[in-house]
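Naming convention: chains lettered A, B, ... in sequence-line order (proteins, then strands); numbering from 1 in each chain.
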Protein chains: 2
Amino acid sequence: MGKPTVHDIAKEAGVSLATVDRVLNARPGVRGKTVEKVQKAIGSLGYVRDISAANLARQRQYRFAFLLPEGQSQFLQEIRRAIAEAAVSNIADRSEMRVINVSLQDPLSMMRVQQEILEKNIDGVAIMANETPTVRDMIMRIKQAGRIVVTLVTDQPKSERDHFVGVDNVASGRTAGVLMGRFLGQREGKIAVVVNSTNERDMAERRLGFDAVIARDFPLLATLPSLEGRGEQDLPAEITRACLDRHPDVIGLYCAGAGLRSVTKVLEERSMAGRVTVVGHELTPLSREALQRGVVDVIITQNVGHLIRSAARVLRAKCDGVDIVESQEKIRIEIVIRENLI
Amino acid sequence: MGKPTVHDIAKEAGVSLATVDRVLNARPGVRGKTVEKVQKAIGSLGYVRDISAANLARQRQYRFAFLLPEGQSQFLQEIRRAIAEAAVSNIADRSEMRVINVSLQDPLSMMRVQQEILEKNIDGVAIMANETPTVRDMIMRIKQAGRIVVTLVTDQPKSERDHFVGVDNVASGRTAGVLMGRFLGQREGKIAVVVNSTNERDMAERRLGFDAVIARDFPLLATLPSLEGRGEQDLPAEITRACLDRHPDVIGLYCAGAGLRSVTKVLEERSMAGRVTVVGHELTPLSREALQRGVVDVIITQNVGHLIRSAARVLRAKCDGVDIVESQEKIRIEIVIRENLI
DNA sequence: TCATAAATGATGTGCGTACCTCAAATCAAG
DNA sequence: CTTGATTTGAGGTACGCACATCATTTATGA
């Protein structure tokens with residue numbers, strides 16, 4: 001015999017199909033004793049509702065939105081690509097996934113987005129944004145409207161998000177630190193650290209983990225104060241040049257955020273490529289190519305495809321009130337060098 | 001209007017539902033011109049088949065089997081656990097997954113398994129086995145019976161398997177080599193290599209990649225001939241001891257196959273733990289613990305959960321004649337150190 | 001005990017697709 | 001133009017479930 005169906009439950013519990021249906025869908029008009037009978041039957045038969053059949057009958061359409069910050073960073077582009085890919089694959093079965101870009105600096109933009117989510121009956125949102133009170137408030141209001149919220153890449157731990165899809169950035173920074181330290185061997189020198197902005201949570205956490213490891217395990221190495229690229233075009237390159245001028249004994253470069261392009265450019269223009277150990281984050285076409293050329297030694301990354309698929313699956317599961325497969329949704333901190341490049 | 005359905009296509013193409021159905025399911029008896037008409041309608045309406053409805057209607061039950069070698073290695077246990085987990089999760093939706101243990105040395109056992117697969121109407125098999133003519137023959141016969149075959153962990157490139165789920169072991173060995181070399185810094189010395197058996201394809205490939213990198217990039221390091229553990233209890237420890245006695249200048253230990261337990265034991269009994277750089281393969285409870293204790297420096301691994309889920313998805317896709325999402329099924333070579341341990 | 005309310009049963013329809021049968025239309029070849 | 005084969009149409013049933021309606025049974029309280 002195949003899987004038990006509602007008919008089997010009805011037979012087992014000695015009630016009618018209609019009653020089983022009432023119990024399953026928590027409709028009123030059933031005595032407590034009867035509910036128990038049915039639930040016992042469900043338990044003993046090991047019935048599990050066929051969600052796809054249920055959704056088919058229910059005509060359920062899921063509407064999910066990915067809230068992404070505006071910008072054209074390589075990482076963001078990868079994210080967008082992965083979303084587009086997931087949208088057509090079977091993960092998106094019966095669910096529509098749209099991308100909403102939001103300017104995180106602009107409260108008006110945020111309000112508009114929030115409106116859109118509530119008006120357009122979006123069932124769940126995956127939010128990728130820096131941790132700010134504004135974002136936290138938005139999450140709170142979306143949750144109050146009964147929607148599902150998962151945070152993506154950057155967590156908002158103090159918000160009431162249902163789930164976080166991403167990695168532990170402190171551990172990520174620690175990983176970078178260990179690899180930097182060990183790759184540098186017993187050499188003595190300084191490590192320059194480039195971040196986007198010191199008040200972005202990711203950057204701060206990575207830096208924290210990185211510094212802790214270097215301080216603890218590699219006494220011959222010293223990390224310099226953060227160089228802030230602020231997401232601008234030429235700034236990262238300039239400050240990197242300035243830093244290298246000031247500190248000729250820089251033997252390592254940790255690129256905790258964007259700006260890897262500029263940094264590698266500077267190294268190459270000074271023919272220091274390969275002589276300075278470079279550790280960066282996020283695998284993109286650019287960083288991949290830099291790895292291949294040997295300008296960058298290690299990239300710490302998270303699989304973007306996995307990230308998006310996981311977010312989609314979690315949103316679905318939360319909407320259905322179904323358990324998620326923990327191990328499948330755990331995003332790993334990946335270490336990529338030239339040799340294990342996909 | 002919602003998503004287009006088969007009815008919409010029929011209307012658009014000016015044909016009947018039955019014809020649309022024939023085209024969609026590639027049934028015979030439709031003129032080429034008609035097929036085109038229908039496909040044009042599908043394209044212009046942007047129709048996508050509702051997979052859950054299709055599966056519901058099809059009432060298709062998939063029967064898959066995982067052929068695993070007998071044995072109780074940690075890696076195998078992890079594989080079994082992952083299969084059990086996948087069997088109950090939604091990946092196994094409408095599909096039943098069983099494990100068949102087979103003694104690869106025993107041709108009779110092989111024959112019996114082959115019989116079982118053919119008789120019990122198994123739709124697809126995932127095979128994990130060393131590359132031998134016997135296995136290749138078995139795959140051929142299973143394929144001839146019209147079943148799907150994917151190879152797992154170890155490929156059988158010369159067979160007619162439909163797909164390989166696993167990593168490139170040469171690249172895996174190269175990765176191990178680079179990490180070994182860089183972790184050892186500028187030191188000079190020897191590297192002992194422990195394998196299960198030199199005529200297992202995986203081992204040979206890993207060793208190949210490892211040696212190539214060491215030879216090319218790390219002239220101060222020399223790799224010793226393989227120590228064969230042969231899957232026995234105490235042998236790996238013994239030969240490791242012997243090797244360390246003979247070569248006091250061993251500064252690195254590459255464990256390409258099983259036997260990590262014995263190897264670490266020997267290092268610890270000689271208080272060499274932490275002083276010899278150890279690189280191993282496959283993350284298991286044991287190797288994880290060794291990483292945490294600092295006895296092992298790096299583990300090169302593949303995510304077992306991903307491996308099994310991927311195999312299940314591929315089997316499904318091949319049975320349905322559906323395309324697979326390449327990027328999702330690509331198994332990555334993962335580098336694990338203490339800091340990025342899940 | 002009877003009226004009334006509450007609980008339950010019986011039954012039907014529809015979701016989007018697969019698959020089957022049989023009749024009708026169309027086609028190719030003689 | 002006829003014959004036989006091929007192609008197409010029409011329609012039904014099923015999958016597992018949700019949801020609705022109405023009839024019937026059972027419990028509750030006066």
Could you tell me whether [X] contacts a base, only the sugar-phosphate backbone, or nothing, with contacts defined as non-hydrogen atoms closer than 4.0 Å?
X: B/Ala18; value: base
X: A/His7; value: nothing
X: B/Gly14; value: sugar-phosphate

Could you state the atom-to-atom distance from [atom1] of [X] to [atom2] of [N] in whole Å?
X: B/Arg22; N: D/dG11; atom1: CZ; atom2: C1'; value: 12 Å
X: B/Lys11; N: C/dG16; atom1: NZ; atom2: P; value: 12 Å
X: B/Ile42; N: C/dT17; atom1: CD1; atom2: P; value: 10 Å
X: A/Leu56; N: D/dC19; atom1: CG; atom2: P; value: 12 Å
X: A/Lys3; N: D/dC17; atom1: NZ; atom2: C1'; value: 15 Å
X: A/Arg27; N: D/dT21; atom1: CZ; atom2: P; value: 12 Å
X: A/Lys37; N: D/dT26; atom1: NZ; atom2: C1'; value: 12 Å
X: B/Leu24; N: C/dA18; atom1: CG; atom2: P; value: 6 Å

Counting only side-chain N and O atoms of [X], is one of them less than 4.0 Å from OP1 or OP2 of [N]?
X: A/Arg58; N: D/dA18; value: yes
X: A/Arg60; N: D/dC17; value: no
X: B/Thr5; N: C/dG16; value: no
X: B/Arg31; N: D/dT8; value: yes
X: B/Gln59; N: D/dG16; value: yes

Determine whether a donor-acceptor pair (N or O, by modelled atom type, separation under 3.5 Å) exists between the side chain of [X] and the backbone of [Y].
X: A/Gln156; Y: A/Ala129; result: yes
X: A/Gln77; Y: A/Gln72; result: yes
X: B/Arg63; Y: B/Lys120; result: yes

Got more than 12 heavy atoms from elsewhere within 6.0 Å of NZ, A/Lys318?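 For A/Lys318, atom NZ is crowded (more than 12 foreign heavy atoms under 6.0 Å).
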Could B/Lys143 and B/Asp162 be called an ion pair, given the rule that one side-chain N must be under 4.0 Å from one carboxylate O?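 A salt bridge links B/Lys143 with B/Asp162.
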Given [options], identify the nucleotide with an atom nearest to the side chain of [X].
X: B/Asn25; options: D/dC17, D/dG9, C/dC19; value: C/dC19
X: B/Thr34; options: D/dC19, C/dA18, D/dT7; value: D/dT7
X: B/Ala57; options: C/dC27, D/dG9, C/dA18; value: C/dA18
X: B/Ser16; options: C/dG9, C/dA18, D/dA10; value: D/dA10
X: B/Asp50; options: C/dG9, D/dA18, C/dG16; value: C/dG16

Taking the six-membered ring of A/Tyr62, is the NZ or CZ of A/Arg60 close enough (under 6.0 Å from the centre) and on axis enough (within 45°)? yes
Using heavy atoms to find the nearest nucleotide of DNA chain D for A/Arg49 and B/Pro28 separately, return the residue whose nucleotide is more 5′. B/Pro28
